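Since the model is a prediction, treat every value here as computed from it, not as a measurement. In what follows, chains carry the letters A, B, and so on, assigned in the order in which the sequence lines appear, proteins first and then strands, with residues in each chain numbered from 1.
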Protein chains: 2
Amino acid sequence: MTEEPADSSNLRGGRKTRSAVTIYDLAQHLNLSPSTVSRALNKPGRISAKTEARIREAAKQLGYRRNPLAGALPTGKTRIVALVISDFSNPAYFEYVRGAEKVASQLGYTLVFTESQESPETEINAVQQLQTSADGILLVASRLSDSDIQELAETKPLVVSNRHVAGVASVAPEVAPGLRQAVEHLHGLGHRYVGYLSGPPASWMNRHRWNLVLNECVSLGISIVEVPTEAPTHDSGARAIDRIRASGVTAVLAYNDLMALGLLKECQRQGVAVPDELSLIGFDNIYGAELTTPALTTVQNPLHAVGEAAMLQLLKEIGDEAGNGQGSLATQLVVRESTSSPRL
Amino acid sequence: MTEEPADSSNLRGGRKTRSAVTIYDLAQHLNLSPSTVSRALNKPGRISAKTEARIREAAKQLGYRRNPLAGALPTGKTRIVALVISDFSNPAYFEYVRGAEKVASQLGYTLVFTESQESPETEINAVQQLQTSADGILLVASRLSDSDIQELAETKPLVVSNRHVAGVASVAPEVAPGLRQAVEHLHGLGHRYVGYLSGPPASWMNRHRWNLVLNECVSLGISIVEVPTEAPTHDSGARAIDRIRASGVTAVLAYNDLMALGLLKECQRQGVAVPDELSLIGFDNIYGAELTTPALTTVQNPLHAVGEAAMLQLLKEIGDEAGNGQGSLATQLVVRESTSSPRL
DNA sequence: TTGTAGGCGTTATCAC
DNA sequence: GTGATAACGCCTACAA
């Protein structure tokens with residue numbers, strides 16, 4: 001024991017150099033063994049109250065911080081959960097992420113966040129990467145194939161959101177009620193020829209919505225057409241105006257608010273009166289939907305609650321009994337000013 | 001070597017059970033040493049091309065995935081960066097986060113995300129927690145005191161954003177140009193009595209903006225008053241209307257768009273004509289600002305670029321030479337329809 | 001070029 | 001109740 005580095009810890013330039021205090025340091029400081037320290041800190045009660053107190057005291061004094069990474073090695077549990085989202089350009093996801101993060105941090109999990117920029121390769125890579133460091137993965141609006149997702153789900157707990165995949169846990173808003181209300185609303189106003197402004201063809205949710213709208217319209221005797229678009233964005237919604245006008249529909253259900261608002265804006269630019277000439281219904285109820293004139297009639301999507309529920313589901317898959325979410329996941333029509341009876 | 005567990009790896013129920021393949025497994029499989037495998041995978045070139053190829057091949061075959069956590073233990077580098085934001089309820093931060101995440105993932109870093117819900121204790125805990133697992137921290141709109149931040153910055157690389165703290169790296173948009181343009185714009189329109197709808201008193205950025213506006217107004221001979229609010233939100237902006245009307249100002253500069261839009265909405269509800277009776281200028285240029293009628297005149301805040309720049313700065317502090325950001329951080333006035341000459 | 005040995009900070013399984 | 005000791009998966013001198 002010659003030339004013990006002494007207290008090099010505190011004074012090496014003072015910045016970013018002192019290496020962290022470990023349970024080993026504590027043990028040495030107190031003439032105890034590292035295992036005792038570990039136990040005292042993790043399984044309170046299994047150690048004499050007195051020594052436990054001493055240890056906690058010393059830990060505070062020396063500024064001990066547990067190194068979660070080191071702990072993750074023997075246990076295999078990192079208490080990290082990953083959120084991978086295919087496209088984060090829609091502000092609607094904002095609340096989803098907040099909800100998921102809130103639940104995660106409340107239960108002592110760290111949330112890692114990645115956007116895959118719509119690329120399936122990027123997405124699959126990200127997931128595989130993350131799977132080795134996270135306890136579970138939350139896939140939001142994934143662009144992967146069902147079989148890819150099923151395969152990924154075999155390795156580690158995984159939950160998909162805004163989508164359903166056979167054999168994989170999933171959490172999505174109940175879009176049916178809101179959509180039904182929307183179609184009934186239009187029907188009640190007298191619309192008999194309606195357009196569905198479509199989302200991404202590869203999106204499960206888009207096909208799901210289309211099917212619901214289709215069935216509902218058929219059963220009410222409404223003619224319905226699907227109007228394809230390039231992307232689920234504001235601009236793409238605006239560019240759809242030609243197809244919409246050409247179709248002769250009197251009302252439009254849009255895949256999301258971004259598209260509806262883009263279309264609304266373009267209508268105004270081109271002098272198409274909303275709602276007199278064309279009724280418009282969005283989806284999500286993002287910030288901004290109620291700010292326009294006319295304010296947008298839309299379907300409220302409880303994305304904060306969906307994010308919470310999805311994270312809770314994931315933690316359940318991980319094995320952390322976490323209780324159930326509170327908020328309802330049902331969507332609901334919010335009638336504002338962009339819908340009215342069709343002009344004859 | 002009796003009862004070697006054989007190939008238990010593949011068949012234990014098939015799900016979530018097979019423990020990951022390690023460099024050790026590869027080494028054994030190839031009759032090499034783990035270190036050779038490690039080198040082949042990390043420092044290409046330092047190993048004979050032939051064996052390196054064999055190793056890579058085997059890695060692919062056996063589905064080897066590096067365990068970043070295990071690697072982080074000896075090196076102390078996790079390639080994790082943490083983003084802690086005090087309040088994520090303003091959609092303006094949306095783009096900031098996207099920018100930061102993009103840069104991080106492009107450089108092979110994983111982004112962990114935490115919202116501290118406006119609570120300084122939560123924030124400081126989160127940072128300390130994260131400091132042991134992350135290579136660096138990005139603090140956005142921190143509610144901590146300068147001295148707390150300075151102290152935290154001594155442990156690990158840390159960058160503050162939307163704020164300046166002596167001795168700590170920081171990245172913030174240049175608000176001066178946009179604010180100057182805004183004041184000049186109002187001055188040019190003939191306004192001589194202006195209100196500043198204030199942000200959080202504890203916010204560095206709020207004080208910074210107020211000082212800039214104050215100086216600019218004084219030098220132009222404009223009377224300026226600071227109108228306090230409860231929170232930087234839509235509702236709080238709406239509730240400020242009484243103070244605004246009572247003050248007699250002819251124009252308002254709001255701390256952010258949320259507040260400006262809230263105030264705008266309330267003006268419309270109460271029959272105050274914007275811009276005829278009251279001119280309104282926001283800040284940030286969030287989605288929604290151009291959707292209102294009248295569309296909101298506001299200051300464009302390049303938050304995506306700020307997020308990128310902040311992350312690049314952080315990586316630089318970490319020691320990862322990462323190049324410089326491209327986008328300008330200057331703000332700029334966007335004149336729309338919520339400003340006009342004051343009615344006499 | 002490749003192998004050996006030790007350590008990173010924690011947890012877990014034994015003894016005592 | 002407490003203490004050795006051996007993992008966990010990877011990295012890195014140092015040795016061969």
Selection from [options] that lies nearest to any side-chain heavy atom of [X]:
X	options	answer
A:Thr75	C:dT2, C:dG9, C:dT11	C:dT11
A:Thr22	C:dT10, C:dG7, C:dT2	C:dT10
A:Tyr24	C:dT10, C:dT2, C:dG7	C:dT10

What integer distance in Å separates [X]:[atom1] from [N]:[atom2]?
X	N	atom1	atom2	value
B:Ile23	C:dA5	CD1	C1'	14 Å
B:Ile55	C:dT1	CD1	C1'	11 Å
A:Asn42	C:dG9	CG	P	16 Å
A:Asp25	C:dT10	CG	C1'	13 Å
B:Arg39	C:dT1	CZ	P	10 Å

Response to the item:
The answer to which of B:Ala70 and B:Leu32 contacts DNA chain C further toward the 5' end, by nearest nucleotide, is B:Leu32
Does a side-chain N or O of [X] approach OP1 or OP2 of [N] to a distance below 4.0 Å, or not?
X	N	value
B:Thr36	C:dT1	no
A:Asn67	C:dC8	no
B:Ser48	C:dT2	yes

Practice prompt. State whether the side chain of B:Arg143 and the backbone N or O of B:Ala141 hold a donor-acceptor pair below 3.5 Å, judged by distance alone.
Written response: yes
Worksheet item: Is a side-chain N or O of A:Ser170 found less than 3.5 angstrom from the main chain of A:Ser161, in a donor-acceptor match?
Response: no
Worksheet, complete the sentence: Of A:Gly45 and A:Ser35, the one whose nearest nucleotide on DNA chain D sits closer to the 5' end is A:Gly45
Worksheet, complete the sentence: Contacts of A:Asn90 meeting side-chain contact (heavy atoms from CB on, under 4.5 Å) (sequence neighbours excluded), chain-then-number -> A:Ala92, A:Tyr93, A:Asn256, A:Leu258, A:Asp284, A:Ile286
Report which part of the nucleic acid [X] touches: base, sugar-phosphate, or nothing (heavy-atom distance under 4.0 Å, all strands).
X	result
A:Leu69	nothing
B:Arg66	sugar-phosphate
B:Lys43	sugar-phosphate

Worksheet item: Taking atom types as modelled, is there a side-chain donor on A:Thr51 or A:Ser48 under 3.5 Å from an acceptor on the other?
Response: yes
Worksheet entry | Along DNA chain D, first and last positions that approach a heavy atom of chain B under 4.0 Å | D:dG9 to D:dA13
Fill in: Row check, A:Tyr109 ring normal vs A:Arg79 NZ/CZ: under 6.0 Å, within 45°
yes
Worksheet item: Do you know which of B:Lys102, B:Gln106, B:Gln313 makes side chain to side chain donor-acceptor pair (under 3.5 Å) with B:Glu308?
Response: B:Lys102
Fill in: A:Gln129, CD: over 12 other non-hydrogen atoms inside 6.0 angstrom
no
